[in-house]
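Structure, as structure tokens:
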Amino acid sequence: MNATPTHCPYCALQCGMTLHGTGGRAVRIEPRDDVPANRGGLCQKGWTAAELLTVPDRLTAPMMRRRRDAPQEPCTWDEALDRVAAEAARLRALHGPDAVAVFGGGGLTNEKAYQLGKFARVALGTSQIDYNGRFCMASAAAASGRAFGMDRGLPGPVTDLAASGAVLLVGGNPAETMPPFMRHLAEMRDGGGALIVVDPRRTATARQADLHLQPVPGTDLALANGLLHLALAEGLADERYIAARTTGFGAVRTVANAYWPDRVERITGVPVPAMREAVRLLARAGRAHVLTGRGGEQHADGTDTVSAFINLALALGLPGREGSGYGCLTGQGNGQGGREHGQKADQLPGYRRIDDPAARAHVAAVWGVDPAGLPGPGRSAYELLSALGTDGGPKALLLFGSNPVVSAPDAARVQERLDALDLLVVADFVPSETARRADVVLPAAQWAEESGTMTNLEGRVLRRRRAVRPPAGVRTDLEIIGALAERLKAPGEWSADPEAVFGELRRASAGGAADYAGIDYARIEAEGGVFWPCPSPGHPGTPRPYLDRFPTPDGRARFVAVEHRGPAEDVDAAHPVYLTTGRVLAQYQSGAQTRRVPALAEAAPGPFAELHPDLAERLGIEDGAQVRVESRRGAVTVRARLTEAVRADTVFVPFHWAGEERANLLTNPALDPVSRMPEFKVCAVRVGVSPF
């Protein structure tokens with residue numbers, strides 16, 4: 001029996017595990033205790049991850065529709081790839097290079113994310129590429145970039161949290177989304193530290209907190225400004241740090257002055273004494289962290305909301321101090337690395353901007369192409385999906401590692417646009433809801449069947465090792481991309497060897513913000529992972545990047561003055577209840593993987609709507625009844641779950657399920673003007689017994 005050390009296929013904690021396999025397939029998972037992120041722990045999803053390798057409906061042959069209204073049927077790889085290449089060439093000739101779009105995923109390895117971005121710009125010449133990470137960490141990334149000059153999930157190793165005196169966690173629920181993470185917070189609390197959670201629901205994480213602030217959905221920014229006001233009023237700001245290491249504080253102080261406690265309580269519903277306690281716990285902790293998750297970020301003002309919490313952290317002197325700082329709880333498995341190497345519409349590898357002439361010249365030299373031939377910035381994720389099949393929009397889409405029929409906001413419109421395409425191509429290992437609508441489906445290898453690297457929420461580059469061979473007829477994404485590039489006669493190298501692709505990625509990232517030049521496979525294995533930036537083989541890596549200076553032109557962190565605006569769509573007489581969405585313990589993202597694992601499907605068999613008993617009484621809804629939740633975009637009918645854990649003005653629906661139970665039939669695609677993040681976390685709905 002072989003034993004292969006690797007990492008979990010799910011969240012950005014990237015828990016270490018060993019796969020024990022025989023007969024070519026993995027049969028048993030054992031957690032690793034040599035990986036600091038999980039230290040021998042796994043959640044239910046991790047323990048059952050090997051079952052993904054043998055799901056009954058695993059794709060093992062390409063599928064194709066011979067005509068648009070025909071069913072998918074098996075075909076050969078040559079037929080499938082020839083069809084994709086020929087159609088892409090035809091549509092480009094008719095409509096220009098932007099007629100063909102590419103959509104990636106935050107679960108792809110660094111090598112695949114890099115090669116996919118290169119394929120879009122070099123083989124297709126299209127600017128139309130983005131990825132589902134735009135729905136995940138984009139607002140935190142934008143806010144971190146403008147405050148610190150760089151975006152990296154955590155300000156230090158995750159183990160730093162255990163020595164913290166206080167952690168303020170805004171809109172994150174790691175007790176359900178990444179349970180082994182809670183070990184670090186539990187260790188902090190055992191040492192006398194305090195956990196403060198901001199969430200409209202009393203989640204599993206909030207139940208473990210020393211203090212829970214429960215704001216009205218969409219008011220986190222006002223809360224952050226109110227906390228900053230209290231810190232200044234009570235003399236808790238670190239004036240020496242502000243003077244020495246930051247700029248822009250004057251404008252932020254002026255804004256914060258207007259967020260006096262009573263006003264903020266009226267906006268947010270959070271009592272003033274609770275706000276005072278939160279600020280005092282943070283300011284007096286010695287070491288402290290401010291962390292944001294999707295609950296604070298997935299808003300039309302998400303970038304400004306994160307900036308407001310970064311302002312609070314800066315005023316307290318946290319960023320750039322060992323064991324303290326601001327961080328983002330990155331969600332998807334390679335959410336960090338996936339946003340660094342060219343999947344985003346405005347980026348080139350190494351976190352370079354695609355409109356920077358020097359960046360274009362550097363990357364073009366690595367790729368062996370003329371920088372003038374590289375396209376400029378394209379549409380962001382939702383804007384791209386919304387433009388599919390329209391006049392002036394892409395006519396074809398190649399999709400890797402995503403399921404937007406379930407995961408995108410205003411999902412009915414996205415489904416409609418996918419169906420309007422001349423060609424939809426999906427590479428996946430199961431027939432996801434999006435794959436079922438495709439003209440061509442390419443069966444791809446999955447996590448334990450391929451090698452590569454992932455970058456976890458700490459910024460630590462890790463090795464994913466192949467433990468078993470993929471089934472006959474299945475190819476890796478790198479093989480698929482290479483075969484299409486060859487058919488399109490693309491210049492340059494298109495290796496299917498992950499280590500060779502990583503070598504090219506190192507050269508392309510060299511000198512960029514996310515510099516991997518000094519990292520190679522041997523070093524990752526020898527050191528158990530390497531923190532970027534790591535610009536040379538002799539460089540130790542950078543676990544805590546801001547200790548000496550911030551990577552801004554003047555070395556200082558930047559305060560950004562921001563004002564509360566509230567939800568893009570507020571409640572009214574017709575839609576008087578707030579909807580918020582999120583995840584549950586046993587499911588992951590769009591559910592395409594976890595809904596196929598029997599133990600997980602049994603633990604969380606379907607969606608529900610959490611309602612406070614007071615709201616349910618007003619609406620005449622009993623626990624377990626079928627309720628209809630309706631927004632201006634769509635409606636779902638799900639089972640009612642009465643609980644005092646949710647605010648009485650709010651209903652919560654998880655988003656992992658498909659079909660007519662999709663929570664994203666309801667959600668608002670209003671976009672943040674900076675990050676282009678949709679407002680998943682709040683919209684206005686009406687709720688009643690089904691049917692109304």
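Treat the numbers as computed from the prediction; the structure is a model and nothing was measured.
- A donor atom on one side chain and an acceptor atom on the other are not found under 3.5 Å apart for Ser144 and Asp151.
- Between the CG atom of Leu312 and the CG atom of Leu230 there is a distance of 10.0 Å, given to the nearest 0.5 Å.
- Counting only distance, with no hydrogens or angles, the side chain of Arg284 and the backbone of Leu281 share no donor-acceptor pair below 3.5 Å.
- Although no hydrogens or angles enter the test, the distance criterion places no donor-acceptor pair under 3.5 Å between the side chain of Asn311 and the main chain of Leu228.
- For Ala586 against Ala604, the heavy-atom pair with the smallest separation is CB-CB, 3.9 Å.
- Enclosure of atom CD in Glu234 by more than 12 non-hydrogen atoms of other residues, nucleotides or ligands within 6.0 angstrom is indicated.
- Using a distance-only test at 3.5 Å, with no hydrogens or angles considered, a donor-acceptor pair links the side chain of Thr219 to the main chain of Val216.
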**Prompt:** Could you walk me through whether Thr292 and Glu297 pass the side chain to side chain donor-acceptor pair (under 3.5 Å) check?
**Reply:** CA-CA 7 Å; Thr292 62; Glu297 300 162 11; 2.7 Å; yes
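- Between the side chains of Gln626 and Thr637, not a single donor N or O lies within less than 3.5 Å of an accepting N or O.
- Across every non-hydrogen atom of Asn456 and Gln336, the tightest pair is O-CB, 3.6 Å.
- More than 12 heavy-atom neighbours from other residues, nucleotides or ligands sit within 6.0 angstrom of CD on Glu563.
- With 3.5 Å as the limit, one finds no donor-acceptor pair spanning the side chains of Gln214 and Asp199.
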**Asked** Is there a salt bridge (charged side-chain N to carboxylate O under 4.0 Å, His left out) between Glu661 and Arg639 once you walk through the steps?
**Response** CA-CA 10 Å; Glu661 297 177 323; Arg639 181 173 49 85; over 6 Å; no
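- One N or O on the side chain of Glu679 and one on the backbone of Ala568 form a donor-acceptor pair closer than 3.5 Å.
- A donor atom on one side chain and an acceptor atom on the other are not found under 3.5 Å apart for Tyr131 and Gln332.
- Looking only at atom types and distance, the side chain of Glu383 has no donor-acceptor partner in the side chain of Ser386 under 3.5 Å away.
- Ring planes of Phe103 and Phe135: tilted class, angle from 30 to 60°.
- Aromatic ring pairs are classed by plane angle as parallel below 30°, tilted from 30° to 60° and perpendicular above 60°; the pair His184 and Phe181 is perpendicular.
- Looking only at atom types and distance, the side chain of Ser139 has a donor-acceptor partner in the side chain of Ser675 under 3.5 Å away.
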**Item:** Trace of the side chain to side chain donor-acceptor pair (under 3.5 Å) decision for Gln415 with Arg662
**Value:** CA-CA 12 Å; Gln415 179 175 307; Arg662 283 172 289 173; 3.1 Å; yes
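- Ion pairing between Asp572 and Arg632 holds under the 4.0 Å rule for side-chain N and carboxylate O.
- Between the Ser324 side chain and the Ala288 main chain, a donor and an acceptor come within less than 3.5 Å of each other.
- The structure places CG of Leu666 at 8.0 Å from CZ of Arg633, a figure rounded to the nearest 0.5 Å.
- Scanning both residues, Pro155 and His289, for their nearest heavy atoms gives CG-CD2, 4.0 Å.
- Of all non-hydrogen atoms in His575 and Ser631, the two that sit nearest each other are NE2-C, 4.0 Å.
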**Request:** Take Glu610 and Thr643, measure what side chain to side chain donor-acceptor pair (under 3.5 Å) needs, and give me the verdict at the end.
**Result:** CA-CA 6 Å; Glu610 280 188 358; Thr643 173; 5.5 Å; no
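- Using a cut-off of 4.0 Å between Lys/Arg side-chain N and Asp/Glu carboxylate O, Glu176 and Lys45 are scored as not salt-bridged.
- In summary, the aromatic rings of Phe309 and Tyr326 are positioned with their centroids too far apart to meet the 6.0 Å limit.
- Gly153 and Arg339 get closest at one heavy-atom pair: N-NH2, 4.2 Å.
- At a threshold of 4.5 Å between non-hydrogen side-chain atoms, the residues Asp220 and Pro215 count as touching.
- Panel note: side chain Thr303, backbone Val674; no donor-acceptor pair is recorded below 3.5 Å.
- Proximity of a side-chain donor or acceptor of Asp623 to a complementary backbone N or O of Leu642 within less than 3.5 Å is detected.
- Side-chain atoms of His299 never come within 3.5 Å of backbone atoms of Asp672 as a donor-acceptor pair (strictly under, hydrogens ignored).
- No more than 12 heavy-atom neighbours from other residues, nucleotides or ligands sit within 6.0 angstrom of CD on Glu644.
- Donor-acceptor pairing under 3.5 Å is lacking for the side chains of Arg558 and Thr246.
- Closest non-hydrogen pair, Ala313 versus Val290, comes out as CB-CG2, 4.0 Å.
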**Request:** With salt bridge (charged side-chain N to carboxylate O under 4.0 Å, His left out) as the test, would you mind laying out the steps for Arg379 and Asp130 before giving the verdict?
**Result:** CA-CA 7 Å; Arg379 296 178 173 94; Asp130 213 83; over 6 Å; no
**Request:** Applying salt bridge (charged side-chain N to carboxylate O under 4.0 Å, His left out), run through Arg146 and Asp304 and close with a yes or a no.
**Result:** CA-CA 11 Å; Arg146 69 187 187 184; Asp304 284 354; 2.5 Å; yes
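- Remark: side-chain polar atoms of Glu265 are paired, donor with acceptor, to backbone N or O of Val272 under 3.5 angstrom.
- Listed for the Arg628 side chain is no donor-acceptor partner under 3.5 Å among the backbone atoms of Val689.
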